[in-house]
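To start, the structure itself, in structure tokens.
Residue numbers begin at 1 in each chain, while the letters A, B, ... track the order of the sequences.
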4 protein chains.
Amino acid sequence: MTAFTPEIQVAIARTRDDVARLHAELVRYELVVWTGGNVSGRVPGADLFVIKPSGVSYDDLSPENQILCDLDGNVIEGTPGWERSPSSDTAAHAYVYRNMPEVGGVVHTHSTYATAWAARGEAIPCVITAMADEFGGEIPVGPFAIIGDDSIGHGIVETLTGHRSRAVLMQNHGVFTIGKNAKDAVKAAVMAEDVAKTVHISRQLGAPLPIPQTAIDSLYDRYQNVYGQDPTGALK
Amino acid sequence: MTAFTPEIQVAIARTRDDVARLHAELVRYELVVWTGGNVSGRVPGADLFVIKPSGVSYDDLSPENQILCDLDGNVIEGTPGWERSPSSDTAAHAYVYRNMPEVGGVVHTHSTYATAWAARGEAIPCVITAMADEFGGEIPVGPFAIIGDDSIGHGIVETLTGHRSRAVLMQNHGVFTIGKNAKDAVKAAVMAEDVAKTVHISRQLGAPLPIPQTAIDSLYDRYQNVYGQDPTGALK
Amino acid sequence: MTAFTPEIQVAIARTRDDVARLHAELVRYELVVWTGGNVSGRVPGADLFVIKPSGVSYDDLSPENQILCDLDGNVIEGTPGWERSPSSDTAAHAYVYRNMPEVGGVVHTHSTYATAWAARGEAIPCVITAMADEFGGEIPVGPFAIIGDDSIGHGIVETLTGHRSRAVLMQNHGVFTIGKNAKDAVKAAVMAEDVAKTVHISRQLGAPLPIPQTAIDSLYDRYQNVYGQDPTGALK
Amino acid sequence: MTAFTPEIQVAIARTRDDVARLHAELVRYELVVWTGGNVSGRVPGADLFVIKPSGVSYDDLSPENQILCDLDGNVIEGTPGWERSPSSDTAAHAYVYRNMPEVGGVVHTHSTYATAWAARGEAIPCVITAMADEFGGEIPVGPFAIIGDDSIGHGIVETLTGHRSRAVLMQNHGVFTIGKNAKDAVKAAVMAEDVAKTVHISRQLGAPLPIPQTAIDSLYDRYQNVYGQDPTGALK
């Protein structure tokens with residue numbers, strides 16, 4: 001087991017708390033069933049992240065059974081929970097942390113409406129202002145990729161790099177979201193499903209009206225910079 | 001800080017209680033996700049209203065962190081919660097209170113089905129009797145307007161002035177409702193989503209039957225005047 | 001106040017308990033919002049029924065604030081709760097009790113999917129076996145009728161008399177269900193919404209397959225006579 | 001009453017606990033309403049299974065009122081709960097246990113989306129990776145069959161024998177799932193409804209993209225063999 005400085009030990013403990021607790025938001029908003037879905041958070045100041053164990057019920061998650069990994073997705077031996085397997089999506093999370101240094105949190109779900117768009121390989125058009133606020137435009141589609149190598153991680157990074165959206169619909173699969181920390185990524189997962197549902201329902205009875213690009217830009221700029229109690233987003 | 005009379009202090013305290021507590025109804029009826037949506041209430045006997053703070057979780061709302069504003073939407077310095085920013089929709093609420101003196105409560109949500117109609121810019125037709133009771137006819141659409149000036153508030157007031165409906169679908173945005181007090185506006189938000197959903201679902205498989213205008217008028221008249229325990233609406 | 005025998009007093013108390021408690025099932029199954037919807041129960045052995053007060057929140061219902069009425073829908077003065085107005089649908093419930101002596105419970109809701117069919121004036125076809133079990137065939141549509149006279153009650157009775165279904169979709173309005181007691185009518189309300197939703201969703205993507213009439217008859221006969229712990233239906 | 005060895009008595013007690021407790025998952029995931037739906041579990045090491053009593057509320061289930069049956073579906077006299085009738089679907093469960101020795105749990109529900117596909121007699125195509133993981137391909141349709149003889153059990157066994165799917169849509173009826181134990185069958189019921197809903201919603205706005213058969217095979221193989229904490233599936 002690696003020896004961590006006291007500062008890193010504190011950062012790990014906080015990240016374990018955050019990640020364990022934030023999984024409850026996936027349940028609250030009905031983004032997951034059974035043991036599906038996962039949240040991870042980068043440990044500030046270290047090349048480490050914390051992720052959900054694989055195949056464990058949401059009722060049984062605790063800070064102690066979250067799993068600490070390095071940025072190659074290897075479990076750090078001897079740390080709490082290390083005897084268990086990390087989420088089967090760990091390689092994809094690790095790839096994102098290695099390649100997007102500004103990302104502090106990653107979430108994956110098969111939430112119903114987002115996955116329904118993903119199954120058609122269709123981006124969600126930006127036709128409601130909440131979507132302009134949160135995603136700055138459409139939610140894009142990433143490639144079809146299956147577990148086994150870096151193809152899922154690569155597809156996420158390739159799609160989201162340079163894109164305003166913090167959410168990507170992985171074709172035939174589900175949604176991955178990123179954020180500056182785990183909470184921010186969870187918020188993106190909640191909002192992605194919310195807009196996926198609203199736009200789906202709107203389209204069922206006709207064509208939603210487009211929002212002019214200048215209005216999308218203006219809404220995105222305001223929301224990212226002045227909304228909430230703290231422009232750094234800590235309280236968002 | 002302005003010095004308030006004891007009567008106004010009591011009225012402020014009651015309005016804080018009401019507004020804080022009524023936000024739980026938005027959660028109960030799943031009209032909001034994360035920190036979206038807001039309720040405000042006019043302080044009876046004063047040119048003041050109380051509104052939700054911006055970007056704060058519904059779990060963390062209390063009477064003390066609601067924010068007291070004047071009718072221009074300025075936070076009253078030195079009052080509880082004043083260090084935080086009020087809802088980013090405060091200007092729209094303030095505009096309504098300034099221009100519709102009979103309004104004592106305002107609610108804004110992005111509830112799914114109402115927003116789906118709003119994204120198409122389509123009014124909800126009055127094809128169920130509960131809608132005739134509550135809204136006296138269709139729920140109208142207001143203009144596309146974005147945050148930054150008085151255009152949202154102006155759109156709400158222009159659409160609802162002289163209209164039976166207490167709800168307006170703001171195009172590509174969401175729903176605003178008004179009421180004689182905050183509870184009445186929350187009820188309108190709950191009912192607007194309920195009828196938006198029912199009429200949407202009805203239309204998915206065909207054309208709902210129209211209700212004759214004389215029946216709509218009769219239902220609206222009865223409901224507004226004799227329903228519930230108290231014709232003033234206090235118990236509605 | 002009428003003097004009741006001790007036996008009738010006990011029967012009234014039990015009916016108050018049942019009716020107050022059963023309203024919670026409407027909330028649990030999300031058949032109602034705000035103060036909409038109502039349950040009533042006939043008092044066994046008397047020409048009386050107990051019904052929900054008008055415009056009172058579901059959180060505030062108790063045996064003591066349910067309202068005792070005679071079969072003309074008149075409140076029995078001096079009994080608990082009598083100062084309040086009974087449900088605005090009381091006349092319809094009373095009409096059913098007067099004209100269908102075998103009915104011991106009545107429920108009314110605007111549950112979403114049932115009301116969506118009602119808004120199109122379309123009966124729900126019997127294409128799932130649970131519907132054959134419970135309703136013995138289609139759920140029929142009753143006439144458009146508004147509050148103010150006996151037209152709603154008359155429409156319910158006319159539609160359901162001699163029909164297997166214990167549920168009727170009142171056009172543009174909502175659903176009324178009947179049962180041998182209040183619990184049985186609540187079960188019918190829950191099942192009516194469940195099948196209304198399932199058949200709606202099935203039809204969205206094509207035509208459900210018909211069930212042969214002989215199979216419908218066989219299922220209905222079995223379910224009504226042998227299902228559950230007690231053929232009298234007490235435990236259903 | 002048969003005399004059981006102490007080992008079998010322990011196995012029966014554990015199965016009663018599991019079966020009673022697992023019914024709560026049907027409620028949690030809203031797969032059932034009122035008293036519909038049922039879970040059973042085979043008693044390891046004995047020709048016995050435990051099943052829900054008929055027509056009893058989910059609130060009232062306990063280990064003691066579950067019912068012990070032999071593989072012909074006969075209640076074992078004198079055991080706890082034996083005075084009550086077992087689920088009306090007991091014959092179907094028994095048929096599966098008799099004919100599929102590898103099956104340790106059976107679940108039946110009328111969950112909304114699965115039943116909607118069943119009402120059209122249409123298999124759910126495998127267009128999302130979670131479905132490839134869990135079911136290894138499409139969820140097939142079984143024959144129309146009604147209660148009264150072995151036709152339901154026969155239809156389940158005939159459809160699922162040699163099929164990767166642990167779920168079958170019984171035409172016009174609902175869904176049956178099997179598993180290596182009761183928990184595994186409940187998981188299949190939860191996942192079947194989840195994918196039935198997602199694929200339905202995806203198809204509402206167009207054609208979901210197919211997943212190549214080689215990818216389906218690869219996903220199924222990985223998920224069945226390496227997912228979760230324990231390749232035997234005990235923790236899944």
Pick from [options]: which one has the most heavy-atom pairs with chain B under 4.5 Å?
options	answer
A/Val190, A/Val199, A/Val195, A/Asp133	A/Val190
A/Ala215, A/Ala132, A/Ser218	A/Ala215
A/Leu219, A/Thr198, A/Asp194, A/Val186	A/Thr198

Which of residues 168-177 of chain B have a heavy atom under 4.5 Å from any heavy atom of chain A?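 Within residues 168-177 of chain B, near chain A: B/Gln171, B/Asn172, B/His173.
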
Chain A neighbours within residues 200-213 of chain B, where any heavy atom lies under 4.5 Å away: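 Interface residues of residues 200-213 of chain B: B/His200, B/Arg203, B/Gln204.
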
With sequence neighbours left out, what residues match A/Arg166 under side chain to side chain donor-acceptor pair (under 3.5 Å)?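 Result, side chain to side chain donor-acceptor pair (under 3.5 Å) vs A/Arg166: A/Glu134, A/Asp184.
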
Is A/Met191 in contact with chain B via its backbone, its side chain, both, or neither, using a 4.5 Å heavy-atom distance?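 For A/Met191, side-chain heavy atoms alone lie under 4.5 Å from chain B.
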
What salt bridge (Lys or Arg N to Asp or Glu O under 4.0 Å) pairs are there with at least one residue in residues 19-33 of chain A, not counting sequence neighbours?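 Non-adjacent pairs meeting salt bridge (Lys or Arg N to Asp or Glu O under 4.0 Å): A/Asp18-A/Arg21, A/Glu25-A/Arg28, A/Arg28-B/Asp59.
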
Determine whether more than 12 heavy atoms belonging to other residues, nucleotides or ligands lie under 6.0 Å from atom CZ of A/Arg164.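 Yes, because the 6.0 Å sphere around CZ of A/Arg164 holds more than 12 heavy atoms from other groups.
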
How long is the straight-line distance from OG1 of B/Thr35 back to NZ of A/Lys187, given to the nearest 0.5 Å?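 Separation between the atoms: 5.0 Å.
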
Where B/Trp34 and A/Tyr29 come nearest, the two heavy atoms and their spacing: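 What the structure gives for the nearest pair is N-OH, 2.8 Å.
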
